[in-house]
Amino acid sequence: MSRVTQTKVRPAGGLAPLEGRGHRVAARTRSGQWAAWAFLAPVAVYLLVFYAYPLYRNVELSLRNYTVRSFVQGDAPFTGFANYVKIFGDATFGPALWHTVVFTVVSLAFQFGIGLALAVFFSRNFRLSATLRALFLVPWLLPLIVSASTWSWMLNSDSGVINVVLGAFGIDPVNWLTSPDWSLWSVTIANIWIGIPFNLVVLYSGLQGISPAIYEAAALDGAGGWQRFWKVTFPLLRPVSAITLLLGLVYTLKVFDLIWIMTKGGPSGSSTTFATWSYRLGFGNLVPSFGPGAAVGNLLIVMALIFGLIYIRVQRRQAHT
Amino acid sequence: MRYWKTAIGLVLTGVMLFPVYWMINVSFTRETDMRKSPPSWFPVNGTLEGYRAVLDQQLPYLGASLVVGLGTVALTLLVSAPAAYSLAKLRPRGGGVLSFVLLIAQMIPGIIMAMGFYAIFLSTGVLNTIPGLIVADSTLAVPFAVLIFTAFMSGIPEELLQAARTDGAGTFRTFWSIVLPVSRNSIITVSLFAFLWAWSDFVFASTLDQGGDHQPITLGIYHYIGNNNQQWNAIMATAVIASVPATILLIIAQRYVAAGVTAGAVKD
């Protein structure tokens, strides 16, 4: 997802490379190739028109000096990397980069930690465990706008339930969404909540893959529960953990809806990430600056693709071993 | 001892789902109690005025979302099922490259696609139209759909297809009468997810349909928050209704997601 944005589980991503080993070698006849490509043609055309072309337009946007008028007429002057120079020199660049890093790292650390703890907990099958595990999926399936607006109201300074609960412990009300000190933490908390189910599901299935015999052997050798976790579960889970974290990283980098709906990147830019900055440049102002917006977007794409390629590499390697 | 764990599990689930409960609770809260301190923990003096407001104001948005969702499902299936059949069974030259491109395509942030689409839609005149939004939303689902279908169709026994060929069925006939019916469960899985993602989409809706006559429910909620931020029961009531497809998915897909991922469903 998107959604998690878009932290959305893509189970097939983990499966597809595994397939194909079972293929029987069929003769690649000429007519067979025609038929094969006739079936592939729709998706090939689709990828060219609805993926490649928008991405090309985006690169083109970032290399020209577009105004609203030239956007419609299409005669914007070519300015090379001027838009990129402009965003690197922009006062928003440093903070946006920092916020993106903090948001991503803190989200991932907590999503993964809590997800792993819950996965271990749920792997001791107890009464109702399957049902409760299914219920944990709810935050992940809800439309982001629903989660974001619910959290907005819960974090409301005056009437929000979070401040009421904190007040019961004698903590003064916090201006979660309206104070520059707290806005980034607020959206991070909401994002952690949304990402926990994904981590839980993937790590749980990873735990299922560990043979109970190994635990029995460890128990016979006198390993306690805590030791069993750190010496057996954690190392054996490392491949699945790598996949979970990398995929989570790619999806957290693109989170936009949540932040935009809760804080619009504010107040005064205190929760602006690359994704919301790009949107604000392109769509958020009365006078759009498409060029710089597209340039920020392309930086984001490069970041996502670097980690995406690492993910695919790690996954391929695991599929082959 | 075993009930201990169930008790802890119930508490954890309760904490996790508290925001969902709170959304439902607020949706029934009276306007006058909204800023009461402390808030009512249960909707004791519940009201339906929030839901009445939804019926009055949000039905067109819900209708648009339904059309967009169904359109996205149709387009996604149309493009991805034949491609997956080819990748899984027909061994096209260059198929590996295409699978790789699809894997990469999933990772492109939606906001970047939105900007490219905006430029294209503006010049072709499909900006602020439902078909334009359907096309954009389908990009969320097509790579996922091809990968799921390919994984599933690879599990269809070669003997089954061979038998069809022996009976004189061509490639298309085999696809239409054998492969598609056998893949029913994965079709349901893909459809449910494609619908849910289109239904939940905010990025494309807010960039490509901001000035449209027919706007989806995500924009309905967004305008609500922007315009009358006093009427939180109506906002939360809309949110509750917007969550219905997700709930249905959770109940039905429990079975079909598992069925789609484990390719053992060939039996039926």
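Chain identifiers are assigned alphabetically (A, B, ...) following the order of the sequence lines, protein sequences preceding nucleic acid strands; residue numbering begins at 1 within each chain. This structure is a prediction, so every number in the text was calculated from the model and none was measured.
- For Ile312(A), the part lying under 4.5 angstrom from a heavy atom of chain B is the side chain only.
- The CD1 atom of Ile134(B) sits 10.5 Å away from the CG atom of Asp209(B) when rounded to the nearest 0.5 Å.
- Proximity to chain B involves both the backbone and the side chain of Leu40(A), based on heavy atoms less than 4.5 angstrom apart.
- Top candidate by heavy-atom pairs under 4.5 Å with chain B, chosen from Val161(A), Val164(A), Asn298(A), is Val161(A).
- Of all the listed residues (Ser99(B), Ala81(B), Ala105(B), Ala114(B)), the one sharing the greatest number of non-hydrogen pairs under 4.5 Å with chain A is Ala105(B).
- Most heavy-atom pairs under 4.5 Å with chain B: of the set Ser149(A), Ala44(A), Gly293(A), Ala148(A), this distinction falls to Ser149(A).
- Taking the six-membered ring for Trp and thresholds of 30 and 60 degrees, Phe175(B) and Phe39(A) have ring planes more than 60 degrees apart, a perpendicular arrangement.
- Proximity to chain A (any heavy atom under 4.5 Å) is shown, for Val203(B), by both the backbone and the side chain.
- Taking the six-membered ring for Trp and thresholds of 30 and 60 degrees, Phe121(A) and Phe126(A) have ring planes inclined between 30 and 60 degrees apart.
- Residues passing the ring pair (Phe, Tyr, Trp, His ring centres under 6.0 Å) test with Trp22(B) are Phe18(B), Trp41(B), sequence neighbours excluded.
- Heavy atoms of other residues, nucleotides or ligands lying less than 6.0 angstrom from CZ of Arg165(B) number more than 12.
- When Val146(A), Val296(A), Ile261(A), Val49(A) are compared by the number of non-hydrogen pairs under 4.5 Å with chain B, Val146(A) comes out ahead.
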Extract all donor-acceptor atom pairs below 3.5 Å that involve side chains of residues 240-247 of chain B and protein atoms in other chains or at least two apart in sequence.
{"from": "Ser243(B)", "atom 1": "OG", "to": "Ala239(B)", "atom 2": "O", "distance (Å)": "2.7"}
{"from": "Thr247(B)", "atom 1": "OG1", "to": "Ser243(B)", "atom 2": "O", "distance (Å)": "2.9"}

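- The greatest number of non-hydrogen atom pairs below 4.5 Å with chain B, out of Ile145(A), Asp158(A), Ile196(A), is found for Ile145(A).
- Proximity to chain A involves both the backbone and the side chain of Met23(B), based on heavy atoms less than 4.5 angstrom apart.
- The greatest number of non-hydrogen atom pairs below 4.5 Å with chain A, out of Thr171(B), Val146(B), Val20(B), is found for Thr171(B).
- Proximity of a side-chain donor or acceptor of Ser278(A) to a complementary backbone N or O of Ala275(A) within less than 3.5 Å is not detected.
- Contact annotation for Val165(A): only side-chain heavy atoms (C-beta onward) come within less than 4.5 Å of a heavy atom of chain B.
- Heavy-atom pairs under 4.5 Å with chain A peak, among Ile108(B), Asp201(B), Ile217(B), Thr218(B), at Ile108(B).
- Of all the listed residues (Ile301(A), Leu128(A), Val250(A)), the one sharing the greatest number of non-hydrogen pairs under 4.5 Å with chain B is Ile301(A).
- Both the backbone and the side chain of Tyr279(A) come within contact range of chain B, each with at least one heavy atom under 4.5 Å from a heavy atom of that chain.
- Using a 4.5 Å cut-off between heavy atoms, Leu305(A) touches chain B through its side chain atoms alone.
- At a 4.5 Å heavy-atom cutoff, the contact between Tyr46(A) and chain B is made by side-chain atoms alone.
- The environment of OH in Tyr56(A) is sparse: at most 12 heavy-atom neighbours from other residues, nucleotides or ligands sit within 6.0 Å.
- Nearest approach of Leu253(A) to Leu300(A), heavy atoms of both residues: O-CD1, 3.7 Å.
- Looking at Tyr222(B) and Trp260(A), their side chains do bring a donor and an acceptor atom within 3.5 Å of each other.
- When the candidates Ser138(B), Gly95(B), Gly110(B) are compared by the number of heavy-atom contacts under 4.5 Å with chain A, Ser138(B) comes out ahead.
- Side-chain atoms of Ser86(B) come within 3.5 Å of backbone N or O of Ala36(A) as a donor-acceptor pair.
- Of the listed residues Leu90(B), Leu75(B), Leu98(B), the one with more heavy-atom pairs under 4.5 angstrom with chain A than any other is Leu90(B).
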